[in-house]
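Below is one structure, written out as structure tokens; comments come after it.
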Amino acid sequence: MVHRPSATSAGGLLQLIRETGGLTRHDLLEQTGMSRTTLYERLDRLVRAGLIRESGREQSTGGRPAKIVSFDDRDKVVLAIDIGHTRCLVSICGLDGSCLGERLIHRDGEDLRALTDQVALIGRHLLSGLPGRRVIGVGLAIPAPVEASTGARRATFALPDTDYPLVQELSARFGVPVSVENDARALALGESLCGPAHASGVVLGVKYSSGVAMGIVTEGSVMRGSTGSAGQIGHVRLDPEGPPCRCGGRGCLTEYVSGRALVRDLGRADVAAVDDLARAVDNRDPEVVEAVRRAAALLGRSLGAIVQAADPGLVVFGGRLGRHPMVASLLAEQARAYSSVAVHRQTVFRAAQLGHRSGSVGLTAIVCDNTLNPARIDGLLDSADPPPRLGTMCEAVGGA
Ligand SMILES: [Zn+2]
């Protein structure tokens, strides 16, 4: 048996129990090398904090069947807020990422205070339908670079108001910590969690909707880059003399292929948003199909270079345009054509399996990692006796 000295604190034990999916007390003694008295005392604190439970019975091998100590996630939920360029999905997720309630809203303008008010109202409404559950954290995805060490966001045209304390506001309103990630990276993480096991080494997740961006997940970890900008492929310069981009540069990929650029260039009253584009493709509108095909081919070619460099096992196409079957298949075809067979031979290319929920599932995983990390759990358990429960009761969120 592997000895895990790091698993000996209560928080470390919880992590071991979560990672393994549950162990018997006997297994825990063997795997941690702890004394029975110390182990049982720490398990007792985790039980009193509502973090673990003993249930079921391991398959009997002759002796007395033993109960399994497992993570108690039955009463815990995450509030996931996935903000895109033009829409925002608010959802309540079980800790396995399952959807317990959701609402999609259109972002109206750039006023982050108004958006926060609207999201808080919807979040409270969804949570109020889940009495007895506890919200352990808020996951927030934003269409902007997010710095790795601080979770700080940088202003972009899709989320310009950096003075407004979005994270602090949400944390205050729901009484729990807020974990922030870039929206394309949350999407990539969510999809990586349901990908084929052989493909999990490097996962690329493309969010192709009003904007275009990518998330890169390596060995289960989201790559954020030195400045928090990893995956911002929309601003790859195709032509330094090309049309001006809202980022201040010229000839960026997004100016040729994004849903926003397509809507602008088509200039049609009946195609005013990315939803209209997808619908027009479904209806085989020849002008829109041709424009979307041209854009997807160009984006696919750019992805070929990234596939060649990153050697991914899985490439996922998400977002309102990216997960459209015609677009996903074109992107895959071009990414294959513009990378070598030796690299992409075993790569799985596919539309997002979780549909519009990829980001919420990724956010749930991020909140679990942050909220249930050993140091935080140890701090919580040491803060009072009896140990406090994690999170806020759903019916108590937001007060009146
Ligand atoms: Zn740009």
Would you mind reporting whether [Y] and [X] have side-chain heavy atoms less than 4.5 Å apart?
| X | Y | result |
| --- | --- | --- |
| C245 | T254 | yes |
| N182 | P143 | no |
| I81 | C88 | yes |
| V316 | L204 | no |
| L363 | L140 | no |
| L170 | L79 | no |
| L95 | V77 | no |
| M326 | V289 | yes |

What pairs meet the salt bridge (charged side-chain N to carboxylate O under 4.0 Å, His left out) rule with one or both residues in [range], with sequence neighbours excluded?
| range | value |
| --- | --- |
| residues 366-375 | none |
| residues 378-388 | R45-D382, R48-D385 |
| residues 84-103 | R87-D275, E102-R357 |
| residues 209-221 | none |

[X]: what forms a side-chain hydrogen bond (donor to acceptor under 3.5 Å, both in side chains) with it, not counting sequence neighbours?
| X | value |
| --- | --- |
| D117 | R173 |
| D183 | K207 |
| R264 | E255 |
| S229 | R154, T227 |

Where do [X] and [Y] come nearest, in terms of heavy atoms and distance?
| X | Y | result |
| --- | --- | --- |
| V178 | S171 | CG2-N, 3.5 Å |
| G97 | T364 | N-CG2, 4.1 Å |
| I233 | L253 | O-CD2, 3.6 Å |
| I216 | M214 | CG1-SD, 4.1 Å |
| L314 | T347 | N-CG2, 4.2 Å |
| S258 | G211 | CB-CA, 4.1 Å |

Salt-bridge present (R74, D72; N to O < 4.0 Å):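 Counted as a salt bridge, because a side-chain N and a carboxylate O are separated by less than 4.0 Å.
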Is a side-chain donor or acceptor of [X] paired with a backbone partner of [Y] at a separation under 3.5 angstrom?
| X | Y | answer |
| --- | --- | --- |
| S358 | G355 | yes |
| R350 | V315 | no |
| T24 | A66 | no |
| E191 | L354 | yes |
| N370 | V367 | no |
| T32 | L28 | yes |
| T20 | L23 | no |
| D239 | E241 | yes |
| R133 | C394 | no |
| T38 | M34 | no |

For the atom pair [atom1] ([X]) and [atom2] ([Y]), what is the distance rounded to the nearest 0.5 Å?
| X | Y | atom1 | atom2 | value |
| --- | --- | --- | --- | --- |
| I17 | L51 | CD1 | CG | 9.5 Å |
| I136 | K76 | CD1 | NZ | 7.5 Å |
| T371 | I377 | OG1 | CD1 | 8.0 Å |
| S221 | R185 | OG | CZ | 12.5 Å |
| L127 | I92 | CG | CD1 | 3.5 Å |
| L187 | D82 | CG | CG | 8.0 Å |

Considering only Ile, Leu, Val, Met, Phe, Trp and Tyr, and joining two whenever side-chain heavy atoms are under 4.5 Å apart, list the other residues clustered with L89.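 L104, all in the cluster of L89.
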Assess the residue pair Y338 and V307 against the criterion (side-chain contact (heavy atoms from CB on, under 4.5 Å)); give the C-alpha distance rounded to whole Å, side-chain angles, the decisive distance to 0.1 Å, and a yes or no. CA-CA 9 Å; Y338 283 77; V307 166; over 6 Å; no
Is it the case that E395 and S128 place a side-chain donor and acceptor less than 3.5 Å from each other?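 There is no such pair between these side chains.
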Any chance the side chains of S91 and S360 put a donor and an acceptor closer than 3.5 Å?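 Looking only at side-chain atoms, S360 and S91 do form a donor-acceptor pair, the distance falling under 3.5 Å.
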Decide whether V90 and V135 are clustered together by the hydrophobic rule: side chain heavy atoms of Ile, Leu, Val, Met, Phe, Trp, Tyr closer than 4.5 Å, transitively.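 Yes, same cluster.
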Is there a chain of hydrophobic side chains (I, L, V, M, F, W, Y, each step under 4.5 Å between heavy atoms) that links L14 to L43?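 Yes; L43 is reachable from L14 via cluster members.
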Which residue pairs pass the side chain to side chain donor-acceptor pair (under 3.5 Å) test when at least one of the two sits in residues 295-318, sequence neighbours left out?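 Every side chain to side chain donor-acceptor pair (under 3.5 Å) pair that includes a residue of residues 295-318, provided the two are not neighbours, is Q308-S340.
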Considering only residues two or more places apart or on different chains, which pairs with a residue in residues 324-333 satisfy side chain to side chain donor-acceptor pair (under 3.5 Å)?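 Sorted pair list: D282-H324.
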Angle class for the H344/F349 ring planes (parallel below 30°, perpendicular above 60°, tilted otherwise)?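 Answer is perpendicular, since the angle exceeds 60°.
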Test: R18 cationic atom under 6.0 Å from F71 six-membered ring centre, within 45° of axis: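 Yes, R18 sits over the ring of F71.
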Is the positively charged end of R25 above the ring of Y40, judged by distance under 6.0 angstrom from the centroid and angle within 45° of the axis?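 Yes, cation above the ring, under 6.0 Å and within 45°.
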Assess the residue pair L298 and L238 against the criterion (side-chain contact (heavy atoms from CB on, under 4.5 Å)); give the C-alpha distance rounded to whole Å, side-chain angles, the decisive distance to 0.1 Å, and a yes or no. CA-CA 10 Å; L298 184 54; L238 297 189; 3.8 Å; yes
Please evaluate residues L130 and L100 with respect to the criterion side-chain contact (heavy atoms from CB on, under 4.5 Å), reporting the C-alpha separation (whole Å), side-chain torsions for both, the decisive distance (0.1 Å), and the verdict. CA-CA 9 Å; L130 295 165; L100 303 175; 4.3 Å; yes
side-chain contact (heavy atoms from CB on, under 4.5 Å), that's the test. Do R224 and V146 meet it? Break it down for me. CA-CA 7 Å; R224 284 177 155 178; V146 175; 4.1 Å; yes
E290, CD atom: more than 12 neighbouring heavy atoms under 6.0 Å: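 Yes, enclosed.
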Would you please name every residue forming a side-chain contact (heavy atoms from CB on, under 4.5 Å) with D270, sequence neighbours left out?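 Result, side-chain contact (heavy atoms from CB on, under 4.5 Å) vs D270: R268.
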